[in-house]
Amino acid sequence: MTQARPAPLASAPAAPRIDYTFAPTAELLCQPGTLAVLGFDDVDVAGADDPRCLSLALPGLDVRTAREHWRVDALVRHGRSDGVNWASGGGWLFAGVCISEGDHGDDIGGCAEQAYRILCTFLSAQAGGCHVQRIWNYLDRINEGEGDAERYKHFCSGRLRGMGTFFDAGFPAATAIGQPHASGQLTVYCLAADQSGERIENPRQMSAWRYPRQYGRTPPSFARAMLLPARDALAISGTAAITGHTSRHHDDLAAQLAEVRTNIETLLVSAGLPAGLDAAAPLKVYLRHPQDVEQVAEFFARGLPQVPYVLLQGDVCRRELLVEIDGWRYA
């Protein structure tokens, strides 16, 4: 059922707070300012009849897997419109779409095109302007296929077609991760604001949208990070062990983790934020092989003991990469 459109986004938005919590979904939805609740293979979230809830087909690898809770200091309105789940308040907008691949004959490119066309049409209709700061993409079998036939490359092409001219001013920060077990769905959701943020690139890495032809007909369409409008938080894209445009440390998880940390800390410097990662930097870790959990836990315990993180099973877009990390850094 189509409900009313979200109200125009407010001005001067302070960054939403992102927390990982074990509180029940119903309790989180009752808290003032809840913009979104994300679960990971979580029946509790999946069963919630509320457009602020999304359940992602990414198994948690901790003994207990936390929910991800987005909060703003404002009244939140929410609804469903033209295939988009949305919630808005305090100058922020959460919007998400889930598209069945079966409706596209297992064509992930066509599926991505439809998802982005629906989402961008919705965003374009928002009164007062709408600036996407951060976007997430989760799809099945991301590494299946060889060369230009790889599903991730088809996804990138379909995504760009579906964007149309919406991101002509520049791409937002983004993550694209493969769901390790078949879900039959592409899930895309975003965080937008009524003011533009500042795109941040990493001097150690080539901008993804400038990647050479070897990575597909259509290069990935994202910025490495986005400094939010009030300059009080950095939204960090999915970050892997890549320098220039080349994957590093094939099949060496410890070295990849160290490279990822260096890349994230370089982004903080580029954004002019406090150096280092601590309790003000909640992170989401996507790990290809569940048997590597203990090694990742040791990495955080030894080198980043204050950092809150959630550990999920997910496939990185390049086969040789074992781990990817995204998240936030609050000023």
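We number each residue from 1, following the sequence as shown.
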Run the salt bridge (Lys or Arg N to Asp or Glu O under 4.0 Å) test against Asp326 and tell me which residues pass, sequence neighbours left out. Arg134
Qualifying side-chain hydrogen bond (donor to acceptor under 3.5 Å, both in side chains) pairs, either residue in residues 299-314, two or more places apart: Glu298-Arg302
Closest contact, heavy atoms only, Asp62 versus Leu311: OD2-N, 3.4 Å
Report the residues that fulfil ring-ring contact (aromatic ring centres under 6.0 Å, His included) with Tyr211, sequence neighbours left out, ordered by chain and then residue number. Tyr215
SB check Asp49 Arg80 (cutoff 4.0 Å): yes
According to side-chain hydrogen bond (donor to acceptor under 3.5 Å, both in side chains), who are the partners of Glu259, at least two apart in sequence or on a separate chain? Arg204, His249
Sequence neighbours left out, what pairs pass salt bridge (Lys or Arg N to Asp or Glu O under 4.0 Å) with at least one residue falling in residues 214-232? Asp148-Arg217, Glu198-Arg231
So which pairs with a foot in residues 267-278 pass side-chain hydrogen bond (donor to acceptor under 3.5 Å, both in side chains), sequence neighbours left out? Asp278-Arg329
Can you name the salt bridge (Lys or Arg N to Asp or Glu O under 4.0 Å) partners of Arg261, sequence neighbours left out? Glu265
Any donor and acceptor pair, going by atom type alone, linking the side chain of Thr262 with main-chain N or O of Ala258 inside 3.5 Å? yes
Can you hop from Leu277 to Leu234 via hydrophobic side chains spaced under 4.5 Å? yes
Can you list the other members of the hydrophobic cluster that holds Leu75, where links are side-chain heavy atoms under 4.5 angstrom apart? none
Pairs flagged by ring-ring contact (aromatic ring centres under 6.0 Å, His included) wherever residues 181-206 is involved - sequence neighbours left out: Trp136-Tyr189
Can you measure from CZ (Arg288) to CD (Gln256) and round to the nearest 0.5 angstrom? 9.0 Å
Indicate whether the side chain of Asn263 and that of Asn202 have a donor and an acceptor atom separated by less than 3.5 Å. yes
How are the rings of Phe171 and Phe167 set to each other: parallel, tilted or perpendicular (split at 30° and 60°)? tilted
May I ask you to decide whether Glu68 forms a salt bridge with Lys284, counting only side-chain N to carboxylate O separations under 4.0 Å? yes
Can you list the residues that meet the salt bridge (Lys or Arg N to Asp or Glu O under 4.0 Å) rule with Arg319, with sequence neighbours excluded? Glu146, Glu150
Among residues at least two apart in sequence or on other chains, which ones pass salt bridge (Lys or Arg N to Asp or Glu O under 4.0 Å) with Arg318? none
As a quick check of understanding, evaluate side chain to side chain contact (heavy atoms under 4.5 Å, CB included) for Ser221 and Trp209, giving each step before the final call. CA-CA 5 Å; Ser221 304; Trp209 37 272; 5.7 Å; no
Would you give the length of the straight line joining atom SG of Cys190 to atom CG of Leu123, rounded to the nearest 0.5 angstrom? 5.0 Å
Examine Arg141 relative to Tyr152 and say whether NZ or CZ is less than 6.0 Å from the centre of the six-membered ring and inside a 45° cone about the ring axis. no
Considering all heavy atoms, the nearest Pro180-Gly314 contact: CD-CA, 4.3 Å
What residues form a ring-ring contact (aromatic ring centres under 6.0 Å, His included) with Phe94, not counting sequence neighbours? Trp70
Is it possible for you to say whether Leu61 and Tyr286 belong to one hydrophobic cluster, with membership spreading through side-chain heavy-atom contacts below 4.5 Å? no
